[in-house]
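Below is one structure, written out as structure tokens; the observations come after it.
We name chains A, B, ... by the order of the sequence lines, and we start the count at 1 in each one.
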2 protein chains.
Amino acid sequence: MTEDLTLNMNAYLPLRDVVFNTLREAILKGELKPGERLMELQLAAKLGVSRTPIREAIRMLEQEGLAVTIPRKGAEVARMTEKDMEDVLQIRDALDELAASIACEQITKEELEELRHTMHEFEESTKTGDVKRIAEEDVKFHDIIYRATRNPKLENMLSNLREQMYRYRVEYIKDEKNYPVLIKEHSQIVEGLAAKDMEMVTAAMHKHVRNQATAVKEMIREQEK
Amino acid sequence: MTEDLTLNMNAYLPLRDVVFNTLREAILKGELKPGERLMELQLAAKLGVSRTPIREAIRMLEQEGLAVTIPRKGAEVARMTEKDMEDVLQIRDALDELAASIACEQITKEELEELRHTMHEFEESTKTGDVKRIAEEDVKFHDIIYRATRNPKLENMLSNLREQMYRYRVEYIKDEKNYPVLIKEHSQIVEGLAAKDMEMVTAAMHKHVRNQATAVKEMIREQEK
DNA sequence: TCAATGTATTTTGTATACAATAGTTATCTT
DNA sequence: AAGATAACTATTGTATACAAAATACATTGA
């Protein structure tokens, strides 16, 4: 934990939430690495708060699957084995298909327009090679679909599942040779939604997730060595 | 909160976990009712611990969707509207089908035998009218299928989703006229798994969940009046 | 050298103290 | 009597203090 974690104190939020967001970001960005211990006193000192909000934030990170704690031993950033990732992706696959099929019925013209726009933004971003922006546009794209389900719990679960692979997915997005495939898959999803062709949408989404699965698992296999 | 909550101190667990389990049980059993406030000092006094483990347990209950907290206002037992329940069931439907289809491929002979046994136990229990036991046997039945997926995260999510409707589902189980349908559906699921007929299994599971959905939503509609 | 034991240190677990906010009641003003 | 305001109370938010457990390290004895 060499990076200097600092809090965004601007918000009028309980410290536990601020700490939670800070640690969450740090984990997703890879500043806090899998397996790294989350020591309360250390974090408290670094963030300039007491142990209390740190502890509560850790309980919240546990929820999200981003941390694991062993009683009387402490918490650490969740590690992911290839098996864990496969498990997550199996679930994500099913729920992403569900979301796609609901969205297919419920998406509005406006949302579809927004989706098209974001799709183009994504395509543009791949030309810049700005990995952070590419990732953001991709998140935005899928969020529109999630939102179109009108099911906040599903929305939440999916963004949660995405989070769990975020750290590994970034590597995938770095690799330029994946861009054409990603762009094509996005476009198929949009087409399918526009045509309200559920078969096409779910098939495209399935392929999209499975492609990520293969790539992300590859990344993990590298790391596990 | 008239009931006398008491802790199971037998286990060598951090108090937060003991408190969490205690409150969780109380919520699921309906001793703590939807909308009821979870006041730290009150709970601490009642359980004979300090506020610290209570607060951490509340953070954990939030995770599970069993409590909701408003900053500087406090926590309360999560309420469920019919829409919330429909949202949960939509997810459960997809994941139960996923679980069923994986189980169809992976379930062992021994597990299938266990499943058959539990199915009969369930059938027996319906004759006794002991609602608690009926519910337990039903949980056991589905847990065997969840376990057969070899996907602990999926297992966990499904039991979590089940929990969220547990309070309402009990009412459904009280109603004798549902027993024949339940028994038949269980038997179809088992048959399908034995024959490794994925179509049949997922169809049966889907029907099983949708039937519950209808009934549970009915219960909520009653309560919302 | 190695294992075992004891001791110091670090870290988590729990309780309590204090601060800040929200909610409630009583009082005052018109 | 109605509304505003002030004082009080209840409750959450945060920090700190103390206890217990785990860990690391050194010392001892074979």
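Classification of A/Arg221 and A/Glu218 as a salt-bridged pair holds, one side-chain N sitting under 4.0 Å from a carboxylate O.
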What are the atom names and distances for every N/O pair under 3.5 Å that joins the protein to nucleotides 15-19 of chain C?
unit_1 : atom_1 : unit_2  : atom_2 : d
C/dA15 : OP2    : B/Ser50 : N      : 2.7
C/dA15 : OP2    : B/Ser50 : OG     : 3.0
C/dA15 : N7     : B/Thr52 : OG1    : 2.6

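Rounded to an integer number of Å, the gap from A/Glu56 CD to C/dG13 C1' is 14 Å. Whole-Å rounding puts the B/Glu62 CD to D/dT12 P distance at 13 Å. Taking atom CD1 of B/Ile54 as the reference point, atom C1' of D/dT11 lies 14 Å away to the nearest angstrom. As a whole-Å value, the separation of A/Asp17 CG from D/dT12 P is 15 Å. Rounding to whole angstrom units, CD of residue A/Glu36 and P of C/dT11 are separated by 13 Å. Atom CZ of A/Arg37 is separated from atom P of D/dA22 by 13 Å (rounded to the nearest Å). Atom CG of B/Leu13 is separated from atom P of D/dA21 by 14 Å (rounded to the nearest Å). Between A/Met39 atom CE and D/dA24 atom C1' there is a gap of 14 Å when expressed in whole angstrom units.
In this structure, B/His208 and B/His142 have parallel ring planes: the angle between them is below the 30° cut-off, well short of the 60° mark.
Using a 4.0 Å cutoff on non-hydrogen atoms, the parts of residues 69-79 of chain A near DNA chain C are A/Pro71, A/Arg72, A/Lys73, A/Gly74, ordered by number.
There is no side-chain donor-acceptor pair under 3.5 Å between A/Asn211 and A/Tyr172.
Note on the helix from C/dT1-D/dA30 to C/dT30-D/dA1: angle between the axes of the first and last five pairs equals 10°, rounded to 10 degrees.
Among all heavy-atom pairs drawn from A/Ile58 and A/Glu40, the shortest one is CD1-CG, 4.3 Å. For B/Met80 against B/Asp84, the heavy-atom pair with the smallest separation is CA-OD2, 3.8 Å. Residue B/Leu28 comes nearest to B/Tyr166 through the heavy atom pair O-CD2, 3.7 Å, listed as atom of the first residue, atom of the second, then distance.
Within the 4.5 Å cutoff, side-chain heavy atoms of B/Ile220 are placed close to those of B/Tyr168. Taking the side chain as every heavy atom from C-beta outward, B/Lys33 and B/Glu36 approach each other to under 4.5 Å. The shortest distance between side-chain heavy atoms of B/Arg162 and B/Leu158 does not fall below 4.5 Å.
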Salt bridge (Lys or Arg N to Asp or Glu O under 4.0 Å) for B/Glu62 and B/Arg59? Distances and angles first, verdict last.
CA-CA 5 Å; B/Glu62 263 186 286; B/Arg59 294 287 99 72; 2.9 Å; yes
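Within the nucleic acid shown, A/Arg16 comes within 4.0 Å of sugar-phosphate atoms alone, with no base atom in reach, counting heavy atoms only.
For the side-chain contact (heavy atoms from CB on, under 4.5 Å) with B/Met60, the lone residue among B/Val19, B/Asp17, B/Leu23 that qualifies is B/Asp17.
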